[in-house]
Amino acid sequence: MEPTAGPDESAPARHENLDFVSPVSKRRRRKPTKSGRRRRASRPPEYDSPPGPPAEGDVDPATYLDNVPPSVDKAEVESILDRRVFTVPYRSTVIEDERFDWLNPADPDERGLLVKGEHPEYHEALADPLFEGELDGHSPRLHLTMHEVIANQLWDDDPPEVWQAAQRLRDHGMNRHDILHRIAAVLTEHMHPVLAKHEQFDAEAYRRGLNDLQPE
């Protein structure tokens, strides 16, 4: 999968063989609900994202299984759920003093908001349309774009090497956000010729880079 926005998803189906899965509402575009003003989020020194899925009962599985056919067996459904909850473990976020609750991680636009919400240190710069510089050596817009692409690739499991690399790093105790940064660094390396020289994205080289990604 080349780094593009996620495709539209098919109509959801009910997994009647799994007692923990409820019917999924039909996918729809909607404006996220705002529930009042809150103080701007900031990332404290001890900030850390969950290394894996929340405890059972903390998420609605149906939200994460929006386009999974009912023919898929229970083991595969659980694997998909693990991958997608790792990708987007939250459904609420704070962006520029506004809180957004019950976002739909299956919707690429709302998934993008959740990714943005995990980077409060960039919100002020992103809110300024004239800002084109760097913060701590990174372009906020490019950094968020890479994270969103990785989230889309993980959600769709395309290419599968992204999730394989994430699992490999997770198994060695690396926290979720650091895992995403390591994968994003590989993507950024392979996107550089595309952005700087207008070359075609080399998907095979990207897959090889992901396969070479090992714990430090």
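Just so you know, these numbers use all the heavy atoms, side chains as well, and skip hydrogens, waters and symmetry mates.
Scanning all heavy atoms of the two residues, the minimum distance from Val186 to Leu210 falls at CG1-N, 4.0 Å. Nearest heavy-atom pair across Arg182 and Leu213 is NH2-CD1, 3.1 Å.
We find the CG-CZ distance between Leu195 and Phe201 to be 10.0 Å, quoted to the nearest 0.5 Å. Separation of atoms CG (Asn104) and OH (Tyr64) is listed at 9.0 Å; rounding is to 0.5 Å. We find the OG-CZ distance between Ser92 and Phe100 to be 11.0 Å, quoted to the nearest 0.5 Å. Taken from CG in Asn175 to CG in Leu180, the straight-line distance is 9.0 Å, to the nearest 0.5 Å. Atoms NE2 and NZ, from His143 and Lys116 in turn, are 13.5 Å apart once rounded to the nearest 0.5 Å.
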Checklist line | Audit row: Asp82, Arg170, salt bridge (Lys or Arg N to Asp or Glu O under 4.0 Å) steps and yes/no | finding: CA-CA 12 Å; Asp82 180 24; Arg170 187 177 68 174; 2.9 Å; yes

Next item on the list: Take Arg84 and Thr63 through the side chain to side chain contact (heavy atoms under 4.5 Å, CB included) test and state the conclusion after the steps.
Entry: CA-CA 10 Å; Arg84 290 182 171 179; Thr63 304; over 6 Å; no

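Under the 3.5 Å distance criterion, the side-chain polar atoms of Arg176 are matched with a main-chain donor or acceptor of Phe86. When atom types are taken as modelled, the side chain of Ser79 and the backbone of Ala75 share no donor-acceptor pair closer than 3.5 angstrom.
Partners of Glu204 according to the salt bridge (charged side-chain N to carboxylate O under 4.0 Å, His left out) rule, which considers only residues two or more places apart in sequence or in another chain, are Arg207.
Contact check for Leu113 versus Asp109: no side-chain heavy atoms found under the 4.5 Å cut-off.
A donor-acceptor pair shorter than 3.5 Å cannot be found between the side chains of His123 and His119.
Ring geometry, His181 versus His147: the interplanar angle exceeds 60°, so the pair is classed perpendicular (tilted spans 30 to 60°).
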